[in-house]
Every structure is written in C-alpha cells, then in structure tokens.
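Following: one structure in structure tokens, then a few remarks.
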Protein chains: 2
Amino acid sequence: MRTPYGLNILDNCLTCPSRQEHLFCNLSVQAGQRLNDIKSTAVYPKGAMLFIEGQQPRGVFVLCSGKVKLSTTSREGKTIITKISNAGDVLGLNAVVSNHPYEVTADMMEPGQANFIPRDSLLQLLREFPEAALRVAQQLSRNYYVAYQEIRTLGLATSPSEKLAKLLLSWSTKGTQTDGSSQLRLNLTHEEIGEIIGTTRETVSRLFSEFRKKQLVEIKGATLVIRSRPALEKIVQS
Amino acid sequence: MRTPYGLNILDNCLTCPSRQEHLFCNLSVQAGQRLNDIKSTAVYPKGAMLFIEGQQPRGVFVLCSGKVKLSTTSREGKTIITKISNAGDVLGLNAVVSNHPYEVTADMMEPGQANFIPRDSLLQLLREFPEAALRVAQQLSRNYYVAYQEIRTLGLATSPSEKLAKLLLSWSTKGTQTDGSSQLRLNLTHEEIGEIIGTTRETVSRLFSEFRKKQLVEIKGATLVIRSRPALEKIVQS
DNA sequence: TCTCTCCGGTGATCCAGATCACACAGCGCT
DNA sequence: AGCGCTGTGTGATCTGGATCACCGGAGAGA
C-alpha cells in the first residue's frame with residue numbers, strides 16, 4: 001500500500017512490527033483488537049501539526065512512522081523543544097487522561113503515519129481493560145520520569161556546554177556504536193538544538209567549533225562523529 | 001490520640017477529613033477499605049527523610065499532615081526544590097509504578113504524619129481494582145502536568161525577577177484573599193526560595209528589596225503581604 | 001543563471017547575575 | 001554575658017552568554 005508521501009501504511013496494530021516493543025501496543029489479543037477497531041490511521045506531510053499547545057484534548061496519537069517535534073512557546077515567542085518523538089511513541093496521553101489542554105505542540109518533522117484514538121473511546125477501553133489502564137499508568141510514569149530528567153538538566157546543569165555535551169551523549173547511544181566513538185545523523189538545525197538546551201543559535205555554533213577544536217567531535221555534512229565519549233562525559237561531570 | 005510531636009493521628013483513611021478532596025483517597029468503599037488495610041501509618045519529626053533520590057522504590061507515602069520538601073541534587077551539590085507537598089499528596093508514586101529509583105528526596109519540613117503503602121501491595125490493588133488504576137493514571141498525569149509547568153518556567157522564563165513574581169503569585173492564591181492584595185506565611189529561607197526558582201540566595205534577597213521598594217510587597221517578620229497582584233502579573237507577562 | 005531564503009560561522013559589545021566579601025541581627029547554648 | 005550558628009542585607013567585581021552585525025555557502029525556484 002502506497003501513500004501520497006511514499007510511505008508504507010500499516011493498517012493493523014496487531015501486525016505492526018513495533019507491536020512488541022512499546023508499552024501501548026503490547027496488550028492482550030482482545031484489548032489489542034479493540035484498540036485496532038477504535039483507531040483511525042492517517043498519513044501526515046512534513047510540517048503537519050497533530051495538535052497544538054492549549055487545545056482541548058481530542059484524543060491520543062500513536063506514531064507509526066516519522067519524527068515528531070514536541071515544543072512549547074512562551075507569549076514572547078521563545079520556544080523550547082521538549083522531545084523528539086519516534087515511531088511507537090504515544091502523544092497527547094497526559095492531556096487526554098487528565099483532561100487538561102495539550103501542554104505542547106506536536107508537529108511532524110518528516111512525513112509519517114499516526115493512529116488517532118478519540119478520547120472517549122480510549123477512556124472507555126481503559127475502564128474495561130484493567131491491564132490497559134495499568135499500561136497507561138506505566139507509560140505516564142515513564143513520561144514523568146523523562147520530564148524529570150529535563151527538569152534536572154534545565155535546573156541543575158549550569159553551562160550550555162554541559163547541556164550540549166549531555167545531549168550529544170544521549171544521542172550517541174542510538175547511533176552506530178564502535179569503540180569509544182559513535183556516529184549519528186544530525187537532522188536538526190543549530191537553532192533547534194538551541195531550543196532543546198535553552199540557548200541561542202550562536203552559542204550552539206560556537207560550542208560545536210570548540211568541540212571540534214578539542215577533537216571531541218567531528219562533523220561531515222549532516223553526520224556527526226563523536227570522537228571521545230569519555231571527554232564529553234568529563235564536561236558533563238554532573 | 002496524641003503523639004510525640006503533638007499531632008493528632010488519623011488512623012483510618014475512610015474517616016480522614018481530606019478523603020473526598022484527593023484523587024487517591026476517594027475510592028469505592030471496597031477499594032478504600034482495602035487501601036486502609038494495607039497501609040501503615042507513622043509520624044515523622046522535622047527533617048526526617050521519607051525517601052532519598054536514587055533509592056529503589058519501596059512504596060508510596062500518602063501525606064496526612066505536615067509539609068514535605070521534594071528536591072534533587074546534582075553531583076556538584078547544587079540543589080533544586082521541585083515541590084512543596086501538603087496533606088493529601090501522594091509521594092513516590094511515579095517511582096513505584098515505573099519501578100525506576102525515586103527521582104527526588106522527600107524530607108519533612110515540619111513534623112507530620114504519613115501513610116506508607118508497600119509497592120507490591122499497591123500494584124496488587126491496582127490489578128484488582130480498575131478504578132484505582134485509572135485514578136492512579138490521573139494522578140500521574142496531574143504530576144506530569146505540574147512537572148511541565150516547571151519545565152516551562154525553567155526553560156522559558158528569562159529573569160529571576162520574573163520567576164520570583166510567578167512564585168509569589170502562585171503562593172498568593174492559597175493565602176488570605178482580600179481585594180487586590182493577599183497575605184501569606186513565609187516559612188522558607190531565601191536560600192530555599194533560590195533553590196525553587198534556580199538562583200542564588202543573594203539574588204533573592206535583592207529581589208525582595210526591590211519588590212519592597214516598588215511597593216509590590218511588604219514583609220513583617222515571617223508574613224508576606226502582596227500589595228499589588230496586577231503589578232506582579234505585569235512582571236511575569238510571559 | 002540569478003536571486004531569495006535559510007543556515008552556519010565568527011567578531012564586538014554589553015550587561016544581568018554569580019561570586020566573593022563583609023556586617024549585622026536574632027536565637028539558643030553553656 | 002559571651003559564644004556560635006543560621007539567616008539576611010548590600011556593596012564590589014568578574015564573566016559567560018545574549019545580542020547585534022555581517023559574511024559566505026547551499027539549495028530551491030523562476
């Protein structure tokens with residue numbers, strides 16, 4: 001099956017390749033079937049907004065493919081990116097469960113597919129299947145845990161260099177691992193990286209120069225090679 | 001019933017005065033009874049640690065009376081206070097549900113009582129009572145929501161004065177409300193306030209001077225009077 | 001090919017807030 | 001009283017990173 005954006009569509013959660021990997025997908029057959037029935041799937045272009053900060057929650061989105069940027073913006077226009085979500089992530093869950101407005105804006109960084117589950121149907125399912133409710137609780141507590149790391153980073157890490165080092169290390173675990181160095185594709189602009197670690201475009205640029213000069217890192221086009229994890233860890237130190 | 005610290009002990013959740021007010025207390029009779037059976041209650045002195053950041057989760061604490069400071073500290077010794085908890089709050093829930101270590105340290109700021117619910121018993125209860133699991137999910141999503149506000153404050157609010165103004169406003173809602181001014185007891189040191197808004201003792205001190213000079217605020221001993229909410233809101237503006 | 005726009009690099013300046021350094025006030029202790 | 005301790009108030013510096021300003025390269029689109 002092909003779509004306007006050249007993606008393969010997954011139309012059944014039960015046969016989804018990431019079914020086993022993620023909390024929300026890995027349910028009993030009945031609950032899974034039910035989930036499959038109430039979901040509707042759609043493919044979104046780059047730049048599409050799944051939901052916007054402040055909207056009343058309509059439902060949750062389960063990301064099947066693509067990358068999604070979660071961000072929040074102050075009245076003066078300053079933006080921070082709180083998370084880059086990948087396939088398998090559940091978006092908007094907190095808003096739906098707590099019935100608070102979405103606390104972030106979710107927009108597609110590249111074309112991708114997402115399943116939508118309306119709020120009422122989801123809550124009904126949770127009432128019927130205790131296992132699903134527990135699974136959701138676990139997912140929420142994981143979210144909370146991640147949010148907490150973010151608070152620690154923003155509140156405790158002092159310098160931008162520390163934060164950038166931390167970020168690179170967290171990325172490097174996902175990249176190609178070899179000896180003490182690893183490699184990863186960099187598909188964010190300096191501006192966006194600045195929004196993640198809470199600093200300006202210029203500072204990010206200068207930090208990369210500095211890291212390059214110190215041989216901690218190497219950049220060829222969009223690929224970033226981490227030359228020395230230990231050295232980065234020393235910068236983090238906290 | 002009297003205790004070493006001069007507190008009345010509440011020994012039954014079903015008759016607790018705050019039973020109706022808080023998510024976790026307000027369950028069906030069966031679930032409530034069960035909760036009452038598996039909990040054990042204790043009274044703690046000022047300074048007692050309910051749990052410490054990094055420990056494996058033993059269970060949750062439901063605070064019956066007193067105030068608890070939740071904080072996290074970096075290796076270099078910098079500390080941030082993430083929340084001041086009051087009666088009715090459930091502490092350690094995320095750690096228990098996700099089975100991650102406690103992400104904060106909880107210590108009593110004044111003598112108080114707390115019920116302890118061991119991890120295994122709680123999880124068992126959640127499996128048996130779907131309503132309880134859903135309740136827990138809601139509690140977690142509320143926690144998440146609060147954490148998010150914190151991220152916004154730390155990441156987006158620019159100046160310390162903005163953060164302090166925000167904090168005072170959030171406190172003033174709980175204090176004695178009159179016209180446009182309100183009054184509240186200040187039982188934190190400048191140092192602790194600094195740890196909440198992420199700045200130094202000296203800066204807090206200077207900010208209070210400044211606010212006093214601008215007639216936004218008045219301080220007599222431990223009571224703080226907010227003279228003009230609108231003016232504080234103008235400082236926040238974000 | 002030319003132009004437009006976005007992104008990255010880097011220098012120059014400036015300032016808010018951290019840091020250091022005292023002074024002093026309240027309070028419990030012996 | 002005299003001592004230590006904890007918390008507060010306020011000056012004097014120092015500095016890291018924001019801000020402004022400009023340039024050059026890469027890609028898109030006509």
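When reading the values below, keep in mind they use all heavy atoms of this one structure, side chains included, and skip hydrogens, waters and symmetry mates. By convention in this document, chain letters (A, B, ...) are assigned in the order of the sequence lines, proteins followed by strands, and residues within each chain are numbered from 1.
Across the protein-nucleic acid pair, A:Glu191 atom CD and D:dT19 atom C1' stand 13 Å apart, rounded to whole Å.
Side chains of B:Tyr148 and A:Thr82: a donor on one and an acceptor on the other come within 3.5 Å. Side-chain atoms of B:Ser65 and B:Gln113 form no donor-acceptor pair, as typed in the model, at a separation below 3.5 Å. Checked by atom type, the side-chain pair A:Thr72/A:Glu53 shows a donor-acceptor distance below 3.5 Å. A side-chain donor from one of A:Thr73 and A:Thr79 sits under 3.5 Å from a side-chain acceptor of the other.
Protein chain B contacts DNA chain C over a range whose 5' and 3' limits, counting nucleotides with an atom under 4.0 angstrom from a non-hydrogen atom, are C:dG17 to C:dC20.
Of the charged side-chain nitrogens involved, at least one lies within less than 4.0 Å of a carboxylate oxygen, so that B:Arg229 and B:Glu233 count as a salt-bridged pair.
Over its full length, the helix from C:dT1-D:dA30 to C:dT30-D:dA1 turns its helical axis through 30°, comparing axes from the five pairs at each end and rounding to 10°.
Between A:Phe61 and A:Phe116, the angle of the ring planes lies from 30° to 60°, which puts this pair in the tilted group. The aromatic rings of B:Tyr102 and B:Phe51 sit parallel, their planes meeting at an angle under 30°, below the 60° perpendicular limit.
Closest approach to the A:Thr200 side chain among D:dG17, D:dA18, D:dT10 is made by D:dA18 (side chain taken as heavy atoms from C-beta onward).
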With side-chain contact (heavy atoms from CB on, under 4.5 Å) as the criterion, how do A:Thr223 and A:Leu186 come out once you've worked through the C-alpha distance, each side chain's angles and the decisive distance to 0.1 Å? CA-CA 6 Å; A:Thr223 62; A:Leu186 206 30; over 6 Å; no
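OP1 or OP2 of D:dT6 has not a single side-chain nitrogen or oxygen of B:His190 nearer than 4.0 Å.
For DNA chain D, the residues of residues 203-212 of chain A within the heavy-atom distance limit of 4.0 Å (strictly under) are A:Thr203, A:Arg206, sorted by number.
For the pair A:Ser98 (side chain) and A:Asn94 (backbone), a donor-acceptor distance under 3.5 Å is present. A distance-only check finds no donor-acceptor pair linking the side chain of B:Ser205 to the backbone of B:Glu202 [under 3.5 Å].
Between A:Arg201 and B:Glu202, the residue anchored closer to the 5' end of DNA chain D is B:Glu202, taking for each the nucleotide with the nearest heavy atom.
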